[in-house]
Every structure is written in structure tokens, then in C-alpha cells.
Amino acid sequence: MNFSNYLIQWYLANKRDLPWRNTKNSYNIWLSEIILQQTKVNQGLPYYYRFIQKFPTIFDLAKASEDDVLKLWQGLGYYSRARNLHFSAKFIVNEYNGEFPITYKELIKLKGVGDYTASAIASICNNEKTAVVDGNVYRLLARYFGINTAINSSKGIKEFKLLAQNLINSKTPGTFNQAVMEFGATVCTPKKPLCNTCILKDSCVALSNNEVVKLPVKVKKNKIKKRYFNYLVFKTTANKTILEKRISGIWRNLYQFPLIETNKEIDENQLVNHPEFLIKCNSETITIKLFNNRIKPHKLSHQHIYAKFWIIKTNDSNKISYSWKTIKKYPVPLLIDKFINEYSNF
DNA sequence: AATCCGGGGGA
DNA sequence: TCCCCAGGATT
């Protein structure tokens, strides 16, 4: 027996009894697939019952107001699903006389229906050999075949789709699709998969390599945050300045010049009118000059810092207590250290 | 290619 | 409380 036949056999014996599995009505299948996008069966089940009860046919759904549809969807999240569901119902009634499309080619055109949903409906309702690749499929295939390609990369999306397409059983593609997903949802789960009793454990690459927890691989999209720092570099006639210790966040306990952080880049006029500037700067300011006209972002793994160093010449005061000669003794971020060196050489 | 869109569940 | 889950639309 091969992978596909094992899964189908397992599915026929172990599948959960779910309402949409007792019908091939494409309206019902479509409704269930939209509800189950990013949604676990237990969460979506009551919504499916309510929708089928209130809107037994696509004509009932098309006749409803968007408010009514959204009200029934309330609490399920991702509300564009409900708006697209309603839009597509009206579209099918108006354009197809209420006859629900069942071919992949037609389904993919519907709002709210992508490759996954079109493949699911076409395979179940039209016996088309269109493999579904949802989160469950990614996980099961990555583990069973030991595939390290990131599932959220364009390379991975193509690779897994192709693999699933090569594995799909041509006699019962719909059953194969549901079998893979059901297996992933109940046996090859994201956390604590049931490897001990798994019917595929003898041939699972990830299990034999002890890398089940590592798969599937996903590239984490660490979004780079942009921050805008304005450092106030005081310089008195006696050659003194101010350093402050950072108390939280990045560079905690390192020293820096007094800092004003803003949402975007600001100019001198915006700086001197900034409320924090009025607090941090005394009235004895003589001149303000921007040291670095060209801002090179300081890049950290998760943020890019656009720092401006404002040279503020002022008279001596009690707050100004760091001699320029001694500031190099203090631990500072590389960004500050570079500035000090450049400024000293200037 | 990156970002947004909810809510459930587990650590 | 934080992290993971992940299909489709949008830009």
C-alpha cells in the first residue's frame, strides 16, 4: 500500500462525522469550506448549522441583507469571508441563475475562493484531481517526506502543491483531500502529534530523524520597525555634555545623549517646538546645529533606527556634568560610539 | 513579497 | 500574557 491508500483507508475508518460530509451539494460544501478557513471544526460547526438553517439554499443567502449575514457570522472573525460569501451568493444567483459552479476554473473566479477552496470544492463535488494544500497538508507532507523548504515561501508553496498533486488519488480525489486534512487535524497535529499510534510512523522521515517538532519550516517574517531618534548633544563653553542611562528596551543600561523619539523624521523647527525639547533643554541655548545631514539607518535585527545628532551649544548649568574627555569611558550603543568618534575627528 | 484580517487554544 | 495557527485579498 502506498501513502495515499493508507490515508484513505485510515480516513474511511476514523473520520469524524461532520454535517458537510453527508452531502455533495456544492452550496453546502462551499459554505463549510469558507467557514473552515483559518477556523477549527469545533469553532465553525455551530455557525455552519445556523447558516444552513437560516439560508438553506443559495437563493436564501442571496436575498439576505449584508447586515443579516454579518450578524450570523458575528464572533467567527475574518469578516471579509462573510462579505465575500454574500457577494458571491448574489453573483451566482444573478449570473448563473443560482447554479453553483463546481469546476476549479469557475470556482477560482469567485470572491473569497482561492486555490485551496477551489481545489476542495472541485475535488469533492466534481471529482476533479485538484489537490488541496492547507495548513494540515503542509504539516503532514513536510514531516512525512522530511521537507525543509519553508511553507510560506513562494518556492515552498509551489513545491508542496506539486507534491500533493502527484500524490492525489485519481479515483477518489475528494476523499484523498479530506483524508490528508483530517489526518493532519487529528493525528499529525501542530503540537504533540500522535506519533506513537500513527499508521505512517514506520515510513515517516521526520520521525526517524527526530525532527517532527522542527517541521514544517516557516520563515518568520520579523517585521522591521522604523524608529526616529533625535539625540541632543549638549556642548558647553567648558566642554561638558549630558549622558543618560537607558532604562528599558534595546540597549538597556547603556548610556546615550538625551533622546527625543518621534514617529517620523523632524527638522530643526519641529525639534525646538517639541514638548520634550522644551523640558530637556534650558533657555540658555545658544545654537543648534544638525551634525549629520545624511541619515544612515542603524540596522538591528528587528528595527531600523534613523538617528539625528543635534549639537546644542549652551552655557554651563548644574545638569551638564559629563566632561567630553570622560564620555568614552561609559558603555554606549555602537550608534553613539560611532558618532562620538566622528564628532571628535570633526 | 509583505501586510492585513479575528478569535481559539496552549505554554 | 505571549505565541502559534494560516487562506485570501490587497498593495
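Every chain is numbered from 1 and lettered A, B, ... according to where its sequence line falls, protein lines coming before strand lines.
- If you measure from atom CD1 of A:Ile151 to atom C1' of C:dC4, you get 12 Å, rounded to the nearest angstrom.
- Among the protein residues, A:Asn42 comes within range of no part of the nucleic acid, since none of its heavy atoms lies under 4.0 Å from any strand.
- A straight line from OH of A:Tyr78 to C1' of B:dC4 spans 8 Å, rounded to a whole angstrom.
- As judged by a 4.0 angstrom heavy-atom cut-off over every strand, A:Lys218 is placed among the base-contacting residues.
- For the pair A:Ile157 CD1 and C:dG7 P, the interatomic distance rounds to 10 Å; values are reported in whole Å.
- The phosphate of C:dC3 (OP1 or OP2) has no side-chain N or O of A:Lys191 nearer than 4.0 angstrom.
- A donor-acceptor pair shorter than 3.5 Å cannot be found between the side chains of A:Tyr116 and A:Gln37.
- Residue order along DNA chain B, read from the 5' end via each residue's closest nucleotide, puts A:Lys155 first among A:Lys155 and A:Gly75.
- Residue contacts for A:Arg83: at a heavy-atom cut-off of 4.0 Å it reaches no nucleic acid atom on any strand shown.
- A gap of 23 Å separates the C1' atoms of C:dA9 and B:dG8, to the nearest Å.
- The side chain of A:Gln37 lies closest to C:dG8 when the candidates are C:dG8, B:dG8, B:dG6.
- Pairing partner, C:dA9: B:dT3, with both Watson-Crick or wobble hydrogen-bond distances short of 3.5 Å.
- For the 3.5 Å distance criterion, the side chains of A:Asn28 and A:Thr23 fail to qualify, holding no donor opposite an acceptor.
- Summarising the geometry, the separation between CZ on A:Arg139 and C1' on C:dA6 is reported as 10 Å, rounded to the nearest angstrom.
- Contact check, A:Ser154 against B:dA1: a side-chain N or O comes under 4.0 Å of OP1 or OP2.
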Side chain to side chain contact (heavy atoms under 4.5 Å, CB included) evaluation trace for A:Gln178 with A:Ile124: CA-CA 9 Å; A:Gln178 293 182 85; A:Ile124 294 168; 3.7 Å; yes

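- One can place CD of A:Gln38 at 16 Å from P of B:dC4, the figure rounded to the nearest angstrom.
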Start with the C-alpha gap between A:Tyr343 and A:Trp324, add the side-chain angles, then the distance that decides, and say whether ring-ring contact (aromatic ring centres under 6.0 Å, His included) holds. CA-CA 11 Å; A:Tyr343 187 61; A:Trp324 263 104; 5.4 Å; yes

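- Within the 4.0 angstrom heavy-atom criterion, only backbone atoms of the sugar-phosphate kind lie near A:Tyr116; the bases stay farther away.
- Atoms CD (A:Gln74) and P (B:dG7) sit 9 Å apart, rounded to a whole Å.
- The gap from the P atom of B:dA11 to that of C:dA6 amounts to 16 Å, rounded to the nearest Å.
- Annotation: the span from A:Leu107 atom CG to A:Ile102 atom CD1 amounts to 8.0 Å, rounded to 0.5 Å.
- Rounded to whole Å, the distance from CG on A:Leu110 to C1' on C:dA9 is 14 Å.
- A salt bridge is defined here as a Lys NZ or Arg NE, NH1 or NH2 lying under 4.0 Å from an Asp or Glu carboxylate O, and A:Glu95 with A:Lys109 fails to meet this definition.
- Between A:Thr117 and C:dG8, a side-chain N or O to OP1/OP2 separation shorter than 4.0 Å is present.
- Taking atom CG of residue A:Leu70 and atom C1' of nucleotide B:dG7, one finds them 16 Å apart after rounding to whole Å.
- A residue-by-residue look at A:Lys40 and A:Gly112 shows that A:Lys40 has its nearest nucleotide of DNA chain C further toward the 5' end.
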